Amino acid sequence: MADAQPTVDDKGRKFITRAELAKHKDRGDVWMTIHNKIYNISAYLEDHPGGEEVLMDRAGDDGTEDFEDVGHSNEARKKLEEFEIGELPPSERKAETGSSDASSSGGGGAMFAVVGALVAAAAGYYYMAYMQ
């Protein structure tokens with residue numbers, strides 16, 4: 001007998017399909033998926049620091065790439081947990097790229113860029129102040 005596909009996630013919630021997700025894209029009812037989890041972010045639209053338009057652009061769809069490209073802080077990631085309502089079924093999940101810890105990275109790539117800019121600025125200051 002073949003293994004049956006699970007119908008609920010680890011928290012006992014029924015999986016939410018991409019077809020169901022796509023129905024929730026109106027301003028008063030906004031869902032999106034990030035890292036295969038589903039979030040109802042309707043109540044957060046006005047509070048989002050980047051504005052509600054960026055959220056509405058991915059309403060009813062996958063916002064993982066946009067979320068990671070911005071390099072959200074650990075605080076933002078914790079805030080997101082408040083809006084989790086379910087998960088995509090395993091058969092509809094996108095493969096995660098990069099390390100398995102990508103969802104908790106806190107935007108490490110952006111941090112390297114900032115550190116690099118600070119080092120370059122410090123080197124320039126040192127050169128201007130002491131080498132002339």
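Please read all numbers here as calculations on a predicted model, not as lab measurements.
Taking the side chain as every heavy atom from C-beta outward, Asp66 and Val54 never approach each other to under 4.5 Å. Using a 4.5 Å cut-off on side-chain heavy atoms (C-beta onward), Pro90 and Phe15 make contact.
One distance of note links CD of Glu81 with OH of Tyr39; it measures 7.0 Å at 0.5 Å rounding. Between Asn36 atom CG and Glu92 atom CD the span is 10.0 Å, to the nearest 0.5 Å. Rounded to the nearest 0.5 angstrom, Ile38 CD1 and Asp9 CG are separated by 10.5 Å. Asn40 contributes atom CG, which lies 5.0 Å from atom CD1 of Ile85 (distance to the nearest 0.5 angstrom). Summarising the geometry, atom CG belonging to Asp62 is positioned 9.0 Å from atom NE2 belonging to His35; distances are rounded to the nearest 0.5 Å.
Ion pair Lys78/Glu84 not flagged as a salt bridge, since none of the NZ, NE, NH1 or NH2 atoms sits closer than 4.0 Å to an Asp/Glu carboxylate oxygen. Between Glu87 and Lys11 no salt bridge is recorded (no basic side-chain N to carboxylate O distance below 4.0 Å).
Qualifying side-chain contact (heavy atoms from CB on, under 4.5 Å) partners for Leu55, counting only residues two or more places apart in sequence or in other chains: Met32, Ile41, Tyr44, Leu45, His48. With sequence neighbours excluded, the residues satisfying side-chain contact (heavy atoms from CB on, under 4.5 Å) with Glu20 are Ile16, Thr17, Lys23, His24, Trp31. Evaluation of the side-chain contact (heavy atoms from CB on, under 4.5 Å) rule for Glu46 yields Arg27, Glu52 as partners, not counting sequence neighbours.
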Verdict with supporting geometry, Lys79 and His72, side chain to side chain contact (heavy atoms under 4.5 Å, CB included): CA-CA 11 Å; Lys79 183 72 174 170; His72 283 86; over 6 Å; no
Stepwise salt bridge (Lys or Arg N to Asp or Glu O under 4.0 Å) check, Glu65 with Lys94: CA-CA 11 Å; Glu65 187 174 335; Lys94 291 184 177 177; over 6 Å; no
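Atom CG of Asp10 is surrounded by 12 or fewer heavy atoms from other residues, nucleotides or ligands within 6.0 Å.
Note: the hydrophobic cluster containing Phe83 does not contain Leu21 (ILVMFWY, side chain heavy atoms under 4.5 Å, direct or indirect links).
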